[in-house]
Amino acid sequence: MHDIRKVRNIGIAAHIDAGKTTVTERILYFTGRTHKIGEVDDGAATMDWMPQERERGITITAAATTTEWKGHRINVIDTPGHVDFTAEVERCLRVVDGMVALFCAVGGVQPQSEAVWRQAERYRVPRIAFVNKMDRTGADFWGVIREIRDQLGASAVPVVLPIGAEDSFVGLVDLLRMEALFYREGPAGVEVEVRPVPPALREEAQSAREALLERACEEDDRLLAQYLSGEPLAFPDVIAALRRATIAGRLVPVFAGSAVRNKGIRRLLDGVVDFLPSPADLPPAIGTWDGREEIREARDDEPLAALAFKVQADRHVGKLTYLRVYSGVLRGGETVFNASRDVRQRIGRLFRMHADRREPVEELRAGEVGAAVGLGETYTGDTLCDERKPIVLSPIEFPAPVVDLAVAPLRRTDADRLSRGLSDLAAEDPTFLVRADPETGDVVVSGMGELHLEIIVDRLRREFGVEVTTGQPQVAYRETVIGTVEHEGKLVKQTGGHGQYAHVVLRVEPAAPGEGFEFTNKVVGGRVPREFVPAVERGIVEAMAEGPYARYPVVDVRVALLDGSAHEVDSSEQAFRTCAAAAFREACRKAGMRLLEPVMEVEVAAPEADLGAVLGSLAARRGRILGLEARGRLQTVHAEVPLAAMFGYTTELRGLTSGRGEFSMRFARYEAVPPALAEEIVEKRARERR
């Protein structure tokens, strides 16, 4: 019997190398889903099924699986930690109900763990935390909790306390039950021995337990009255109060352990069941249709509403579409309505996924996550629903790619195969874009970073059998206007018969950074007929795709159509489009333009002895040092560096630190390129296009 209250849809997210996949592998093992633990370092992890993941020991694509714990069905999505694959995290956080945020006991709150935390906040996803790697040198449980509170602004409250740390990490104190769990090797993996709390920890544990109980009492007046009067508190009541606070986002229960040593995972699973919400605990799904708000409760008897959150090319079944069902029941063989694209589609087969393995099912019910084949016209972010009660759920927003790369087939005969492969990969990944350069004829692909594009090229070779040649990675520059200008543009052509006539007056001005493009129509008296106004906007948008300064896209600009005129015979949509595009380019030239480049937030961890060399290297790359922080035996440098200066930094950092340094970066914003450097870039761009 399907009981939606016993369903948990969770994502596991964190900074790269915090142990997400290792934790997921242990969850599968301890819940009986697998009978052997797959190790990431051995390239045998169940969830890292792609060859590229197993070779590199990192997660590249989000993998879903389903397991059970104490009568509850848990749908788990293991997400990547590398910033180049942030879209995988974005799409998963859009559809999960709860998140397990992993933190390294040594590294604490790292850049990407902060990024995924902010993503979860945007989607209002309740969270519990797991401090992993308590067996590592430098592990600091309370230090990580302080960072969660200070850097993330979260109300982090421990539910367990570690017994020991580093080599002496041997167990946990369960603060709710006030008992000690000691781990020891046994025939069935790590076995748990329950004992009284060690005397050395009794005072600390009692203090932490009081803080936990006080937090529970804040949620329940009856509990508070019992607590103040000295009455014992019932265990289920405490769990229920903490659960309410977690679901409301007012509390983050914190667990601890060492996934690689199989310690703490079963208590973490208890936390998933006890504190994270079922679909029924959350507000209903809200969407729109025909300008009206539509609401869907998480029940089987509601009209169908499902969101496609991931598309994957599968060599065996073709296109595989991952779905989260918010209401109603999705059945194989039925016809559904894609409200995002206004098309009907027939569901082929339905599956529950276990990494790359498909387990056929007849239906997916409200609150469940699965995959379908047969949805050729459905893409990431589309809503599938009952045509009699249509709804469009809010789509998923993805960051814009920042690195470009020209690709070409090694053999001319592979051109069609390359085109097909790029098309399939672009359909899978919303942060991977493909376009043709009209001047050079090159195929240019855009992605989130060097590793992202490296993986794309590798997949073209392995999955589509296409060997490609590539140019150097290129920064995705942008350009914008500096000043405000009004410009009048006219198009008058007489070629016999109908001519072409259009006349527009535009005001072009800069918008705030990151604001994008804004168009307003301020024409009065119908001097530009209403039917031609959309053509004016389309012409401007087309011109923005290749700016007049350096042929890069124009961003952050406001354009107002102030005036104009039309001819009753010679005016047309095409004429106004052409006229508006030319007028916009000329207005930009008159307003003055500047080149913008992506600036990255960079965090470098290096031994203290190498700190001077690291700082000098970042300064030479036009970096701004924002701060230094000691973490264990390493110094962490926080900096902002233009992306153009970061190519090849991996190799340089290894050389500077004898292989002991590591860094991560993520996109921060676009900033103006220094004038002298901008002129060099513009001249180089012009030479390339001759």
Donor-acceptor under 3.5 Å (Thr480 side chain, Val555 main chain):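 Confirmed, Thr480 side chain pairs with Val555 backbone.
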Backbone N/O of Gly514 and side chain of Asp556: donor-acceptor pair under 3.5 Å: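 Checked: pair present.
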Face-on cation placement of Arg324 at Tyr326 ring, 6.0 Å and 45° thresholds: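 Yes, cation above the ring, under 6.0 Å and within 45°.
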Side chains of Thr657 and Asp610, donor plus acceptor under 3.5 Å: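 There is no such pair (donor and acceptor under 3.5 Å, judged by atom type) between the side chains of Thr657 and Asp610.
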Side chains of Glu488 and His503, donor plus acceptor under 3.5 Å: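 Present: a donor and an acceptor within the cut-off.
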Residue Arg124 excluded, over 12 heavy atoms near CZ under 6.0 Å: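 No, the 6.0 Å shell around CZ holds no more than 12 heavy atoms from other groups.
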Residues, nucleotides or ligands: over 12 heavy atoms within 6.0 Å of Arg530 CZ: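 Atom CZ in Arg530 is not packed in, count stays at 12 or less.
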Parallel, tilted or perpendicular, as decided by the 30° and 60° cut-offs, for the rings of Phe103 and Trp117: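 Geometry flag for Phe103 against Trp117: tilted rings.
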Shortest non-hydrogen contact between Val554 and Pro548, atoms and distance: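 Reported closest heavy-atom pair: CG2-CD, 4.4 Å.
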Pairing residues for Glu652 by the side chain to side chain donor-acceptor pair (under 3.5 Å) criterion, not counting sequence neighbours: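 Once residues adjacent in sequence are excluded, the partners of Glu652 under the side chain to side chain donor-acceptor pair (under 3.5 Å) criterion are Ser617, Arg621.
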Heavy-atom check, side chain of Tyr477 versus side chain of Arg551, under 4.5 Å: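 Answer no - side chains too far apart.
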Summary of side chain to side chain donor-acceptor pair (under 3.5 Å) pairs that have at least one residue in residues 533-542, sequence neighbours excluded: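 Matches after skipping sequence neighbours: Arg538-Glu573, Glu542-Arg577.
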